[in-house]
Amino acid sequence: MEKELLLEIKDLKTYFYTDDGIVKAVDGINLKLHKNEVLGLVGESGCGKSVASLSILRLVDQPGKNAGGEIIFKGEDLLKKSEEEMRKIRGSEIAMIFQEPMTALNPVYTIGNQVMEAILIHQDVNEEEAKKKTVEMLDLVGIPDPEERFSEYPHEMSGGMRQRAMIAMAMSCNPDLLISDEATTALDVTIQAQILELMKDLQKKIETAILFITHDLALVAEMADTVAVSYMGKIVELSNTKTVFKDPRHPYTYGLLKSIPSLITKETKQPLPAIEGMIPSPYNMPKGCYFHPRCPFATDECRKNMPELKEIEPGHQVRCFHPVENTKGVSKK
Amino acid sequence: MRNYLIRRALELIPVLFAITFVSFWLVSKMGDPFATLIINPHVRPEDIQRLRHIWHWDEPLVIRFVYWLKDFVYPKAGWGLSILAPGRNVLEVIKSRIPITMAFSATSMVLAIVISVPLGIYSALHQYSVSDYGLTFFAFFGMSMPTFWFGIMLMYLFAVKVHWFPAAGAHSAFLIVEGMHVEFSEAPKIRQFIDTAWHLALPIFVLVVFQTGAWLRYMRSSMLEVKHQDYVRTARAKGVNDRTVIYKHAFRNAIIPIITLIGLSFPGLIGGAMITETIFAIDGIGRLTFKAVMSQDVFVAMALITIFAVLIVLGNFIADILYAVVDPRIRYS
Ligand SMILES: Nc1ncnc2c1ncn2[C@@H]1O[C@H](COP(=O)(O)OP(=O)(O)O)[C@@H](O)[C@H]1O
Ligand code: SF4
Ligand SMILES: [Mg+2]
């Protein structure tokens with residue numbers, strides 16, 4: 001069952017050239033995303049997930065810059081495209097939803113205006129048709145009374161409704177790729193579940209691939225076909241979701257999984273604290289494996305050299321000198 | 001929206017009342033308007049007593065204020081004991097001075113807005129460029145330059161050293177029309193306008209430089225703040241072009257605090273008019289105020305202060321309305 005490749009990120013680097021030094025927010029990541037597939041990108045806050053997603057759309061603000069690599073989307077390198085060509089791709093072929101539905105919508109324009117804007121830019125329709133399409137989209141994402149909601153302002157809506165509107169905006173031009181950057185993080189648990197359900201639903205209907213970014217492994221288990229775990233701008237483990245949850249081999253992934261209450265084994269009973277220690281300062285990265293100060297398995301080799309991302313079994317890549325063995329049973333799923 | 005307006009308008013009444021009363025009390029401390037009559041040998045003490053009684057000066061402050069207010073709203077012929085314009089109704093005197101002050105205050109305000117808003121945006125969009133630094137220098141120059149000193153310098157340079165502009169007055173006494181000396185009021189309207197503009201150029205310039213400096217800085221920082229808002233990023237992720245991102249999404253939000261600021265700058269405008277009119281010997285309201293205070297003309301001073309209070313409060317009111325027009329979050333609260 002060979003799926004068509006939609007997006008291939010090769011050795012992508014995005015650095016911030018600040019006065020205090022260079023922050024390697026995205027430091028050579030490789031990812032593949034097939035048509036109609038959901039790829040989960042997981043990692044703690046500050047690991048460079050947002051910067052990675054913005055890099056794909058080439059929306060990283062100063063002082064951030066691309067520092068190498070390729071982003072092959074439908075066979076063409078996005079990094080080689082002109083700004084004009086990129087603009088045509090944004091919102092139509094690649095759409096994005098953000099974490100904060102509160103701030104991601106413009107407070108001075110109505111929901112309808114903002115959803116319609118995307119349609120008017122990318123589709124050859126007049127105002128009236130765009131309006132009709134907008135109302136359809138609002139209806140599709142489960143906003144009640146879409147016709148009235150069309151002329152409401154963001155502050156008149158709840159967080160969940162706003163995020164639905166964001167999804168309507170993103171999906172309005174049937175994108176091939178939807179990037180969801182912590183789209184449900186700011187929402188209540190029940191609303192979060194509804195929004196995830198909606199995304200899954202739309203993903204099937206519209207046949208969109210999703211790059212699903214989150215710091216919450218539990219969400220990935222529900223959403224993703226493939227999981228990439230990132231740590232300090234690098235991918236440390238990559239495999240299909242089942243493998244990552246059943247047989248995590250990188251100590252970081254292992255640590256993350258052990259700390260999720262719903263996934264703990266019978267033996268451990270209590271959720272362990274998240275991995276000991278904190279992420280290093282981006283201005284003062286450790287030598288060797290970035291994870292070594294927090295890693296219970298670290299050796300001298302780890303402190304000297306950065307391990308490569310290696311395939312340790314078919315379809316399962318790990319960046320570690322000493323992959324964890326015997327992890328079977330770490331998770332119930 | 002209508003209720004909001006009505007409520008805001010009703011709130012003005014007690015505010016105006018309070019300001020007027022406090023001003024009345026302060027002005028009454030300025031001196032006794034009848035004191036100057038005492039030294040006049042032709043005026044008998046009984047006459048002074050009679051005058052005091054006519055003007056209710058022998059009553060308690062509050063009663064006197066009520067009478068004063070009544071006369072201010074329904075002035076009798078020859079109302080007010082004006083030293084500057086004896087025998088004339090104080091309000092008539094003031095009314096005749098309004099057009100010239102309006103002309104050059106409004107002109108300088110409009111010019112300042114028209115100049116500072118685009119320059120502020122430009123500065124923000126080219127942050128840390130040479131032109132940004134240049135504009136910043138200009139802005140600080142404008143803000144920190146004392147108006148009276150700047151006015152005198154300009155007068156010295158452009159009116160005394162080189163005779164490009166007149167040093168004083170709002171217009172010439174005579175104009176030369178078709179080789180003949182014609183009185184100003186007899187000259188064609190267009191010639192009157194040109195002559196007035198020529199006379200007002202320097203004072204307007206002083207006020208414009210002063211206001212532009214501050215507003216340019218505010219516009220710049222407001223725009224810089226908005227530029228990095230999530231909704232601006234959302235718009236770019238939708239494929240909106242740079243122009244629309246700036247003018248539709250960023251500007252509409254950035255201008256909101258500036259509108260309030262301009263509304264609140266009314267007192268500064270009046271203060272500025274007072275200084276520039278006095279320096280450039282323009283017979284407007286500002287110079288009249290200065291003279292009234294200097295000659296302890298209580299009636300003129302009080303009437304002017306009341307008019308200023310009304311203007312300032314109205315300025316705030318207008319700013320509030322504009323605020324509600326540009327910011328949908330205000331309307332229903
Ligand atoms: N404008 C910026 N200037 C400097 N560093 C930045 C900037 N934006 C992001 N970073 C750095 O990039 C890293 C990754 O940030 P981000 O992608 O937001 O993390 P995540 O989304 O995984 O929580 C952080 O270490 C952050 O300090
Ligand atoms: S390489 Fe070493 S330090 Fe890094 S994760 Fe593996 S065992 Fe830990
Ligand atoms: Mg993030």
Side-chain angles (χ1 to χ4, degrees), chain A residues 19 50 53-54 56-63 83-111 113-123 151-156 162 165-166 169-170 172-173 175 178-179 181 186, chain B residues 1 4 117 121 123-132 219-220 222-260 319-333:
Chain A
D19 293 341
S50 295
S53 59
L54 290 171
I56 298 171
L57 280 175
R58 292 203 358 220
L59 285 177
V60 179
D61 272 327
Q62 292 284 346
E83 185 50 31
E84 187 58 43
E85 287 170 317
M86 252 342 266
R87 211 177 292 138
K88 289 200 179 113
I89 292 172
R90 291 184 198 128
S92 71
E93 290 171 62
I94 307 177
M96 186 157 176
I97 40 183
F98 300 95
Q99 175 168 346
E100 284 290 339
M102 195 75 176
T103 53
L105 288 164
N106 196 327
V108 302
Y109 294 106
T110 61
I111 295 292
N113 180 319
Q114 296 184 60
V115 175
M116 197 162 81
E117 191 175 27
I119 297 172
L120 283 170
I121 292 172
H122 298 293
Q123 297 178 16
S151 42
E152 271 184 20
Y153 288 92
H155 72 275
E156 298 171 79
R162 275 193 282 245
M166 277 297 288
M169 188 153 92
S172 62
C173 299
L178 174 71
I179 304 173
D181 185 4
Chain B
M1 184 76 184
Y4 171 82
V117 168
I121 295 174
S123 215
L125 298 181
H126 299 84
Q127 196 185 7
Y128 306 135
S129 68
V130 177
S131 39
D132 180 34
M219 190 66 223
R220 177 182 182 273
S222 183
M223 196 70 187
L224 278 179
E225 200 184 307
V226 163
K227 219 173 82 177
H228 296 291
Q229 292 292 318
D230 287 355
Y231 52 76
V232 170
R233 195 182 52 196
T234 305
R236 289 167 70 204
K238 242 191 299 192
V240 176
N241 67 42
D242 289 350
R243 271 189 77 86
T244 315
V245 167
I246 290 162
Y247 292 103
K248 178 175 172 190
H249 291 276
F251 177 73
R252 255 306 290 279
N253 284 283
I255 198 71
I256 293 173
I258 307 303
I259 285 174
T260 319
D320 271 351
I321 296 171
L322 286 177
Y323 200 49
V325 169
V326 287
D327 191 344
R329 283 163 297 186
I330 302 296
R331 272 168 232 177
Y332 309 94
S333 57

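Here the structure is a predicted model, which means the values were calculated and not measured.
Formation of a donor-acceptor pair under 3.5 Å by the K238(B) side chain with backbone atoms of Q114(A) is found in this model. In this structure, T103(A) contributes its side chain and D230(B) its backbone to no donor-acceptor pair below 3.5 Å.
The heavy-atom pair separating V326(B) from V108(A) by the smallest distance is O-CG1, 3.7 Å. Nearest approach of R252(B) to Y109(A), heavy atoms of both residues: CG-OH, 3.1 Å. Across P107(A) and P328(B), no two heavy atoms sit closer than the pair O-CG, 3.3 Å.
Residues forming a side chain to side chain contact (heavy atoms under 4.5 Å, CB included) with P175(A) (at least two apart in sequence, or on another chain): A95(A), M171(A), T208(A).
When heavy atoms are compared at a cutoff of 4.5 Å, V232(B) does not approach chain A at all. Residue M102(A): no heavy atom, backbone or side chain, is found under 4.5 Å from chain B. Neither the backbone nor the side chain of K227(B) has a heavy atom closer than 4.5 Å to any heavy atom of chain A. In this structure, the portion of D61(A) lying under 4.5 Å from any heavy atom of chain B is its side chain and not its backbone.
Chain B forms more heavy-atom pairs under 4.5 Å with one residue of K88(A), H122(A), M96(A), E100(A) than with any other, namely H122(A). Interface check for chain B: of the options R90(A), M86(A), E83(A), the most heavy-atom pairs under 4.5 Å are formed by R90(A).
Rounding to the nearest 0.5 Å places NZ of K248(B) at 4.0 Å from CG of N113(A). Separating the CG atom in N241(B) from the CD1 atom in I121(A) is a distance of 7.0 Å, to the nearest 0.5 Å. Distance OG1/T234(B) to CG/L105(A): 6.5 Å, rounded to 0.5 Å.
Judged by the 6.0 Å distance and 45° axis criteria, R329(B) is not positioned over the aromatic ring of Y153(A).
Looking only at atom types and distance, the side chain of H228(B) has no donor-acceptor partner in the side chain of Q62(A) under 3.5 Å away.
Side-chain contact between R233(B) and L54(A) is present, with heavy atoms from C-beta onward closer than 4.5 Å.
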